[in-house]
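One structure is given below, represented as structure tokens, and several questions about it will come after.
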There are 2 protein chains.
Amino acid sequence: MNKHPKRTTISDVAEHAGVSRAAVSKVLRGAYGVSDIMKARVEASMDVLGYRPSALARGMRGRSFTLGVFVVDLSNTFVTVLIEGIRAEAGSRGYQVFIGEANMGLAQQKQMIEAMIDRKMDGLVLIAPFGPDEELEKIGRITPTVVLGRHGPGQDYDTVASDDLAGSALIVDHLVSLGHRRISHLKHVGTEKNEATMPQVVRADGYVKAMVHHGLDDEIDVIETRWNHQGGADAVDLMLDRDLPPTAVHTGTDMAGFGVLSRFHELAVPVPEAFSVVGYDNAFAASLPQISLTTVDQSGFEMGSLASRLLVERIEGRMEPVSTLVKPTLMVRNTTGPVPAGSRVKPELLRNVAQG
Amino acid sequence: MNKHPKRTTISDVAEHAGVSRAAVSKVLRGAYGVSDIMKARVEASMDVLGYRPSALARGMRGRSFTLGVFVVDLSNTFVTVLIEGIRAEAGSRGYQVFIGEANMGLAQQKQMIEAMIDRKMDGLVLIAPFGPDEELEKIGRITPTVVLGRHGPGQDYDTVASDDLAGSALIVDHLVSLGHRRISHLKHVGTEKNEATMPQVVRADGYVKAMVHHGLDDEIDVIETRWNHQGGADAVDLMLDRDLPPTAVHTGTDMAGFGVLSRFHELAVPVPEAFSVVGYDNAFAASLPQISLTTVDQSGFEMGSLASRLLVERIEGRMEPVSTLVKPTLMVRNTTGPVPAGSRVKPELLRNVAQG
DNA sequence: TGGCTTATGTAGATCGGTCTACGTTTTTAC
DNA sequence: GTAAAAACGTAGACCGATCTACATAAGCCA
């Protein structure tokens, strides 16, 4: 005895109200050409019958009232905040939000996005997708698209990104003001080619520019690693292996920052007394007092709701691309401090620890 | 110039291959009555035209090949692991997984689930939904459903849960073996009524049973609070305010555990020297060395893939409900230690600290 | 070779809505 | 008071697939 309480359809409502199916459809859509009397009667029937239109059938011709959010990695708590913003705005405009994840590379990403298109979702938010810009253009030509977390502008899609250039500058300024000069930066490197619009590229660019601005051209030190826990941990060993190790690091993302802190913790290198660490994203764990990671906050909720708003605009007809940048803010916590006095950073000592 | 590269439909393929639409449909579904020659020709045409069937249209009569995962709170990193498991299994069986979140109460949860049904998703996985069991039965009668994280059995849905009774026992056993006797427990209390199948109820029950088992009937201390960071922090003040404060706490969930640790950190109460803390879920942050929270691991990936498997079975016709329990394991880390010597737990002292 | 069964392909209804075209009333305007 | 315009409601094609019936062709057996 399953699935048998047959759904009420638009025909049932029409019959019950004694009008045509087209009339019910009009009421449903709030379309022109409905008298108040008829509207009331139809709505009453809907109520009595407990009618809910099939979003699937509606989608066949009209809108599906569904937005798709594509994510590479749900376990990154920062994207959760973005999604919160997306949902809030979309919900208030009558759209349902469904999230699709794909973390096994470009092919899987493509498949997921196609799955969304095949389900005729009215619009897509792509959170930090990989792949070349042209791929995104292609998607944008098929369906309304907003790319979140990559810099613009695009031809056929909108972008919402944090001003990563400014974010990196905030970090470097902060560290320099604490007296640091040897500041390293962790740049994400994956299997895919880096596009100029990707955050890792812009953050690295901002880091270099800021270093130059402070006259620290000679101290520029970009370490390529993966932006995850392991990548951060690995980078520590690399840094400590330098002839003259840095005194601070801009880890590019909190996840890598956690890895850095973990490794330092294992090595009993005191943070921030011996080494300053700055993350990026203001993920949940960064705020835990035992971690208390200095980081850059991207006001994810606002970015998310802005993306939603742009997407709905686009669905409703806007064609010109919009590219926005949100100002980040620095969250100074307890992993950054004054540069250690020269005596306290014995490179030899640090290297020994690393090998022990 | 948008959205105009008109999609190829089944008719296009049929025409190109010189067969009927029905024939193409048969090939698509792998249905009976297709010669090898025709199959090859149709598939070639699909290839040439770059055909992808509309999942929407397919769903109108047949399956939509879509599974819906309902989640209350995506920011809980444990559900991310569950989703990973669900996706792995579902993907290998040709289903797409879409996630819907609703964290603003029962009404929003209901709306989200209805939205999934309205889109004719083939089956639903509900992760720790709230509301009465009957509500779940109602859903299960409409569409194949697996409930993840609530204990069974259900009449018209399957359940996959961690053995919370055993989990609580593991925790209490561990603490008792360290010499603790005054062990408190944090029980989640929300705005909704607690059902007997909800984890907070079973964990509390397991805690009580385990305490009784160790002859600690008189030390049973269940504190009702919210299972989040703030709830954990608040509970610390409550515990320290007791005439004879406990020496250990089973926080019910890692999120509350983080709150407990945070508050202790603020109060400079050393963990585990003065107080032992155990979480539940083995969330990501629990593994960070600075946190290193002793907790219970629920092997989320396995639970997720098991749920997927059950759901597909149900979609394919099974009617008898299945109710499974997965064994949890204890992860001993650095927030639990031997009970402090009597002198070190001066209740007065702790209370002063709390007020300072 | 006739009679049956099995294999292969097609026509056309169907799913539950939307949307265009058109007929009928009711208003408005002069 | 009548023509033109606006308001209201309906019929029926359509979206892109699935699925049931049925027609035709091929294979099998005696």
Side-chain angles (χ1 to χ4, degrees), chain A residues 3-4 6-43 45-46 49-66 114-115 117-122 143, chain B residues 3-4 6-43 45-46 49-66 94 114-115 117-122 143 315:
Chain A
K3 259 159 286 178
H4 271 157
K6 214 166 160 301
R7 253 186 109 101
T8 44
T9 73
I10 202 172
S11 301
D12 300 331
V13 176
E15 189 178 356
H16 185 271
V19 297
S20 70
R21 283 158 50 237
V24 179
S25 175
K26 278 190 180 182
V27 172
L28 214 53
R29 293 169 297 155
Y32 174 85
V34 205
S35 64
D36 290 351
I37 316 99
M38 184 173 92
K39 183 167 183 233
R41 209 166 43 173
V42 168
E43 283 176 342
S45 294
M46 289 181 170
L49 301 177
Y51 170 70
R52 285 201 329 265
S54 155
L56 207 67
R58 299 188 81 172
M60 287 288 291
R61 298 215 68 179
R63 299 191 191 173
S64 63
F65 298 96
T66 310
E114 286 179 345
I117 295 172
D118 295 347
R119 280 157 186 80
K120 215 156 175 297
M121 296 195 173
D122 293 333
T143 191
Chain B
K3 259 159 285 179
H4 272 161
K6 213 166 161 305
R7 251 187 111 99
T8 44
T9 72
I10 202 172
S11 302
D12 301 331
V13 176
E15 188 177 358
H16 185 271
V19 297
S20 69
R21 285 157 46 235
V24 180
S25 175
K26 277 189 180 180
V27 173
L28 212 55
R29 291 169 298 155
Y32 175 84
V34 210
S35 65
D36 290 351
I37 316 100
M38 182 170 95
K39 183 169 182 226
R41 208 165 44 170
V42 168
E43 281 175 345
S45 294
M46 289 182 172
L49 301 178
Y51 170 72
R52 286 203 325 269
S54 156
L56 209 66
R58 298 188 80 170
M60 287 288 292
R61 299 217 67 180
R63 298 191 191 171
S64 63
F65 299 96
T66 310
E114 285 178 347
I117 296 172
D118 295 346
R119 280 158 186 79
K120 215 159 175 296
M121 297 194 171
D122 293 334
T143 192
I315 291 172

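Labels below follow one simple rule: chain letters A, B, ... track the order of the sequence lines, proteins then strands, and each chain is numbered from 1. In what follows, every heavy atom counts, from backbone to side chain, and hydrogens, waters and symmetry copies are set aside.
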Do B/Leu28 and B/Tyr51 have side chains that approach each other closer than 4.5 Å (heavy atoms only, starting at C-beta)?
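Sidechains of B/Tyr51 and B/Leu28: in contact.
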B/Arg21, nearest nucleotide to its side chain (from D/dT18, D/dG9, C/dT10)
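Nucleotide nearest to B/Arg21's side chain: D/dT18.
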Please find the pair of heavy atoms, one from B/Lys26 and one from B/Val34, that lie closest to each other, and give the distance.
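Closest approach of B/Lys26 to B/Val34: CB-CG2, 4.1 Å.
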Are the side chains of A/Thr66 and A/Arg119 in contact, using a 4.5 Å heavy-atom criterion?
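When only atoms from C-beta onward are counted, A/Thr66 and A/Arg119 do not touch, as no gap falls below 4.5 Å.
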Between B/Met60 and B/Gly18, who's closer to the 5' end of DNA chain C by nearest nucleotide?
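Here B/Gly18 is the residue nearer the 5' end.
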Does any non-hydrogen side-chain atom of B/Val27 lie less than 4.5 Å from one of B/Glu43?
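SC-SC contact between B/Glu43 and B/Val27 confirmed.
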Does B/Arg58 make a side-chain donor-acceptor contact with the base of D/dG16, cut-off 3.5 Å?
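Result: no qualifying N/O pair found.
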For B/Leu49 and D/dG16, what is the distance between atoms CG and P respectively, to the nearest whole Å?
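That distance rounds to 14 Å.
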Length of the line joining B/Ile37:CD1 and D/dA25:C1', which is rounded to integer Å:
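Going from CD1 in B/Ile37 over to C1' in D/dA25 covers 13 Å.
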Measure CZ/A/Arg41 against P/D/dC8 and give the value in whole Å, please.
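Going from CZ in A/Arg41 over to P in D/dC8 covers 14 Å.
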Any side-chain N or O of B/Tyr51 under 4.0 Å from OP1/OP2 of D/dG16?
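Answer no for this pair, as no side-chain N or O of B/Tyr51 is under 4.0 Å from OP1 or OP2.
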Can you check whether A/Ser25 has a side-chain N or O nearer than 4.0 Å to OP1 or OP2 of C/dT18?
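So the side chain of A/Ser25 is within the cut-off, an N or O lying under 4.0 Å from OP1 or OP2 of C/dT18.
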Nearest of C/dG16, C/dA11, D/dA11 to any side-chain atom of B/Ser20?
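Closest of the options to the side chain of B/Ser20: C/dA11.
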Taking CZ from A/Arg52 and C1' from C/dG16, how many angstroms apart are they, rounded to a whole number?
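Rounding to the nearest Å, CZ of A/Arg52 and C1' of C/dG16 are 14 Å apart.
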What is the distance, rounded to the nearest whole Å, between atom NZ of A/Lys120 and atom C1' of C/dG16?
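Nearest whole value for this atom pair: 14 Å.
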Contact class for B/Val24 (heavy atom, under 4.0 Å): base, sugar-phosphate, or nothing?
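Here B/Val24 touches no strand at all.
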Rounded distance (Å) that lies between atom C1' of D/dT18 and atom CG of B/Leu56
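Answer to the nearest Å: 14 Å.
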Check B/Asp122 against B/Arg63 and note the closest heavy-atom contact, atom names and distance.
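Taking every non-hydrogen atom into account, OD2-CB, 3.4 Å.
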From CG of B/Asp36 over to P of C/dA7, roughly how many Å is that when rounded to an integer?
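In whole Å, C/dA7 P lies 13 Å from B/Asp36 CG.
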Can you say whether a donor on the side chain of B/Arg61 sits under 3.5 Å from an acceptor on the base of C/dT14, or the other way round?
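Counting by modelled atom types and ignoring angles, a donor-acceptor contact under 3.5 Å is found here.
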Just the rounded figure in Å: distance from C1' of C/dA11 to CD of B/Glu15.
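One finds 17 Å between C1' of C/dA11 and CD of B/Glu15, rounded.
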For B/Arg29 and D/dC19, is the shortest distance between a side-chain N/O and OP1 or OP2 below 4.0 Å?
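So the side-chain polar atoms of B/Arg29 do come within 4.0 Å of the phosphate oxygens OP1 or OP2 of D/dC19, strictly under.
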With a 4.0 Å cut-off on heavy atoms, is B/Ser54 in touch with a base, just the backbone sugar-phosphate, or nothing at all?
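The residue B/Ser54 makes sugar-phosphate contact but no base contact.
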B/Lys26 side-chain proximity, nearest of C/dG17, C/dG9, D/dT18:
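Ranking C/dG17, C/dG9, D/dT18 by closest atom to the B/Lys26 side chain puts C/dG9 first.
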Any idea which heavy atoms bring B/Arg7 and B/Arg52 closest together, and the distance?
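Here B/Arg7 and B/Arg52 meet closest at NH2-O, 3.0 Å.
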What nucleotide among D/dG9, D/dT18, D/dT10 has an atom nearest to a side-chain atom of B/Ile10?
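My answer, after comparing the listed nucleotides, is D/dT18.
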Which is true for A/Ser35 with a 4.0 Å heavy-atom rule: it touches a base, it touches only sugar-phosphate, or it touches nothing?
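Sugar-phosphate, backbone atoms only, no base.
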Between A/Tyr32 and A/Ala22, which residue's closest nucleotide on DNA chain D lies nearer the 5′ terminus?
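Looking at DNA chain D, the more 5' nearest nucleotide goes with A/Tyr32.
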